[in-house]
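Take a look at the following structure, please.
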2 protein chains.
Amino acid sequence: MSVQTQMTPGNCSDCPIRHRAVCARCEVDELNELEEIKYYRNFEAGQTIIWSGDKMGFVGSVVSGIASLTQTMEDGRTQMVGLLLPSDFVGRPGRDGAAYDVTATTDVVMCCFRKKPFEEMMERTPHIAHRLLEMTLDELDAAREWMLVLGRKTAREKIASLLSIVARRDASLSPNGPSGPMVFDLPLTREAMADYLGLTLETVSRQMSALKKDGVIQLEGKRHVTIPDMRRLMDEAGDDADGGFLG
Amino acid sequence: MSVQTQMTPGNCSDCPIRHRAVCARCEVDELNELEEIKYYRNFEAGQTIIWSGDKMGFVGSVVSGIASLTQTMEDGRTQMVGLLLPSDFVGRPGRDGAAYDVTATTDVVMCCFRKKPFEEMMERTPHIAHRLLEMTLDELDAAREWMLVLGRKTAREKIASLLSIVARRDASLSPNGPSGPMVFDLPLTREAMADYLGLTLETVSRQMSALKKDGVIQLEGKRHVTIPDMRRLMDEAGDDADGGFLG
DNA sequence: TCTATTCTTTGACCCAGATCAACTGAGGTT
DNA sequence: AACCTCAGTTGATCTGGGTCAAAGAATAGA
C-alpha cells in the first residue's frame, strides 16, 4: 500500500508489474516473456489468499478488489499491516514463506506469476528488479508512516488518516479536482478499520459518528462517504506530510 | 532494522553493502569500483544525520554506532520508525528527498557513497540491486512486525519486544549460546525507547521496573541488562514469531 | 569538593479508549 | 409477514497508560 503515490488505474492492463502511475515504461519484449508464465486467480470476499508461514509458489499483483495483510497473535489480537489495492504487488522474490496472512476483503482478482520463472526473469531483466525495489521502498515508506499513526495518533486522528488514504487512492472520486468534495465507498467494515488502526470497532464507530456530527464527513448508509473539504479532513488527521496531494 | 535476520559483524568490512550474515558474496570487481566513490563520515551522539525532506546526496550504511529514523508531528509528538544498527543501509536509491529524520543515537560512523555514481553502478551491477531489494524486503517485514507491536501490544509486551530485538541483534552477548543468559547494554535512553514503542518515558520506566521485580530481566545501573531466560522474555513479548531465533 | 545538568524513578491522579451489553436496521430466506 | 443474521450504533462502566509533579542518581564542570 502506498500513501505517497497516486494511481491512475485502467492503463497498462497487461503490464507484468502494474505501475501506479500512468505507465510509460512498458516494454514489449518483457510482456511477451511474461505472458507465458502469467495466470489469473479469483478470490471471494473473506477468502484467505495466503496463510502466514505457507510456502508461496507465486508472486503477483492485485487486478481488482481489495486484499489485506494481517498479523495475528495466538490470543486472537490482530493487526492489519497493509492494504492491497489494485496495482499493488504481493509476494517476496527470494523468500519462501509468507510473512503474514493475505485475505480478500472484497472479491479479488489477482494476476499471478509462478515464482521460479519470475525470479529467473528478474535476473535477466534488471528493469524489473529496479521497479520492484522502487515499489518496495514505497511500501516501506507507507508502513513507516503508518507506524506514526499507530504509535502516536488519537482515535479521531487515526480515523481521519485512514479516510484520507482511502480517498487518495480511490479513483472514482473528486469529479471537481482534488480540492473539491470527494465521494467514495469505504471498502472496509468497521472491524477491518479497527484492525488497521489498532482500535476496537466500537471506538471506530463512535469516532465516525463524531466526525459526521462535526461535519468533517457525510455518511449515507454505513459505507458511502462524502468528504466536503479534503483539507479539513487532513487537518483532523494531524498530517504534515500530505505527499503533495493538495497544493 | 531487521528483526528476522541475525548479523555477524566484523566480516567483510569493505563490502559496499554490508551483509547481515557472514559475507559469502563479496566480489572483487564490485569492491574496486566502489572504492572510488566511497567515503566515511562521523557523527556525534545526538547529531542529526539527515533532516526529513532534505535532498539526500548520498546513500550508505552504518559502520558503527546506532542511528534512528524518526517522524515528528507539528505539535512535537514523535515516533521512531526504525533503528539502524551496524550493517544497516540508509537512503533511497531513485529518491531525492529523505522521508524522515535520521539521528545518531550514539556516536556513529557511516560509510557513504555519492548517490549518482552509486545508482549508475546499480544499473551496471544487477547483483547490488538484488541485494538492496532483499534488504528492503527485510526492513518491510520488520516495519510490519513493529506495526503489530504498536497497534496491539500492551506496554509490558512492548518493552519485552524491544528487549528481545535488541538482544537478538547485539552480538556481544550469549557467551553460552542462544539459550543461555544474555547480557548487553541498552543503546537507547528511556525516552528513545518510549518513542520507539509509542509510550511515554514514565511508562517505559515503570514497566522496566516491573520486569525487573518479576525477574524477567536484571538491571545494573540504567543501561546494563541481563536476560536470564530468553524464552521467558519472548513469552512476555507475546511473540509467536521468533524468527527461528530459539530452537 | 560542591554544584549543575541530564537521565531516571516513583507517586498521585485523570482520561481516552477498552469492555460489556443492549439495541437498530438492512437484507435474505422461508 | 415473521424470522434470522450480520453490520453497525450507542450507552454505562472500567482501566491501562498518560499527565503532572517531585525526588533520586550519575556524570561533568568549576
Side-chain angles (χ1 to χ4, degrees), chain A residues 44-46 68 73 75-79 105-106 149-163 185-214 217-225 236 238, chain B residues 44-47 66 68 73 75-79 103 105-107 149-163 185-214 217-225 236 238:
Chain A
E44 294 177 7
S68 58
M73 297 171 68
D75 63 9
R77 281 177 282 176
T78 82
Q79 175 67 49
T105 295
T106 63
V149 173
L150 291 173
R152 292 302 185 191
K153 290 194 179 180
T154 64
R156 172 182 263 242
E157 289 169 336
K158 285 179 174 182
I159 299 285
S161 300
L162 178 56
L163 292 174
D185 285 301
L186 262 180
L188 301 172
T189 65
R190 297 289 186 264
E191 187 180 24
M193 293 173 70
D195 282 344
Y196 202 13
L197 296 167
L199 298 170
T200 60
L201 71 162
E202 293 96 328
T203 298
V204 170
S205 184
R206 272 186 255 271
Q207 296 297 337
M208 289 287 288
S209 301
L211 288 175
K212 180 184 172 185
K213 182 170 68 65
D214 297 344
I217 61 174
Q218 287 151 24
L219 280 174
E220 278 170 82
K222 297 146 199 294
R223 300 292 192 88
H224 194 74
V225 180
E236 292 284 356
Chain B
E44 295 177 7
Q47 204 180 343
I66 292 183
S68 59
M73 297 170 68
D75 62 9
R77 281 177 282 176
T78 82
Q79 175 66 50
T103 313
T105 295
T106 63
D107 289 353
V149 173
L150 290 173
R152 292 301 185 191
K153 290 195 178 176
T154 64
R156 173 182 263 242
E157 288 169 336
K158 284 178 174 182
I159 299 284
S161 300
L162 178 56
L163 291 174
D185 285 301
L186 261 180
L188 301 172
T189 65
R190 298 288 185 265
E191 187 180 24
M193 293 174 71
D195 282 344
Y196 203 13
L197 295 167
L199 298 169
T200 60
L201 70 161
E202 293 96 329
T203 299
V204 170
S205 184
R206 272 186 256 270
Q207 295 298 337
M208 289 288 286
S209 302
L211 287 175
K212 180 183 172 186
K213 183 169 67 64
D214 298 344
I217 62 174
Q218 287 151 26
L219 281 175
E220 277 169 82
K222 298 148 197 292
R223 300 293 192 87
H224 194 74
V225 180
E236 292 283 356

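Below, chain A is the first sequence line, B the second, and so on; all start at residue 1. Just so it is clear, the values below take in all heavy atoms, side chains as well, and ignore hydrogens, waters and symmetry mates.
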query: Closest nucleotide of DNA chain D for R190(A) versus for R152(A): which of these residues is on the 5' side?
result: R190(A)

- request: Classify the nucleic acid contact of G46(B) as base, sugar-phosphate or nothing, counting any heavy atom under 4.0 Å across all strands shown.
  value: nothing

- line: CE (M193(B)) and CG (L162(B)) are apart, to the nearest 0.5 Å, by 5.0 Å

message: Using only atom types and a distance under 3.5 Å, with no angle test, would you say the side chain of E157(A) pairs donor to acceptor with the backbone of E236(A)?
response: no

query: Does CD in E202(A) sit with more than 12 non-hydrogen atoms of other residues, nucleotides or ligands closer than 6.0 Å?
result: yes

query: In whole Å, what is the span from the CE atom of M208(A) to the C1' atom of dG8(D)?
result: 11 Å

- request: Give, ordered by number, those residues of residues 200-207 of chain B having at least one heavy-atom distance below 4.0 Å to an atom of DNA chain C; if nothing qualifies, reply none.
  value: E202(B), S205(B), R206(B)

task: Walking along DNA chain C from 5' to 3', note the first and the last nucleotide with an atom under 4.0 Å from a heavy atom of chain B, and give both.
output: dT8(C) to dA12(C)

statement: When rounded to the nearest 0.5 Å, the distance separating CZ of R223(A) from CG of L188(A) is 7.5 Å

- prompt: Should the heavy atoms of other residues, nucleotides or ligands under 6.0 Å from CD of Q47(B) be counted, would the total exceed 12?
  reply: yes

statement: Output for pair (I159(B) CD1, S209(B) OG), nearest 0.5 Å, gives 10.0 Å

statement: Between the CG atom in L201(B) and the CZ atom in R206(B), the distance rounded to the nearest 0.5 Å is 9.5 Å

query: Under 4.0 Å: is that the gap between some side-chain N or O of R156(B) and OP1 or OP2 of dG16(D)?
result: no

query: Could you give the distance from CE (M73(B)) to OG1 (T78(B)), rounded to the nearest 0.5 Å?
result: 11.0 Å

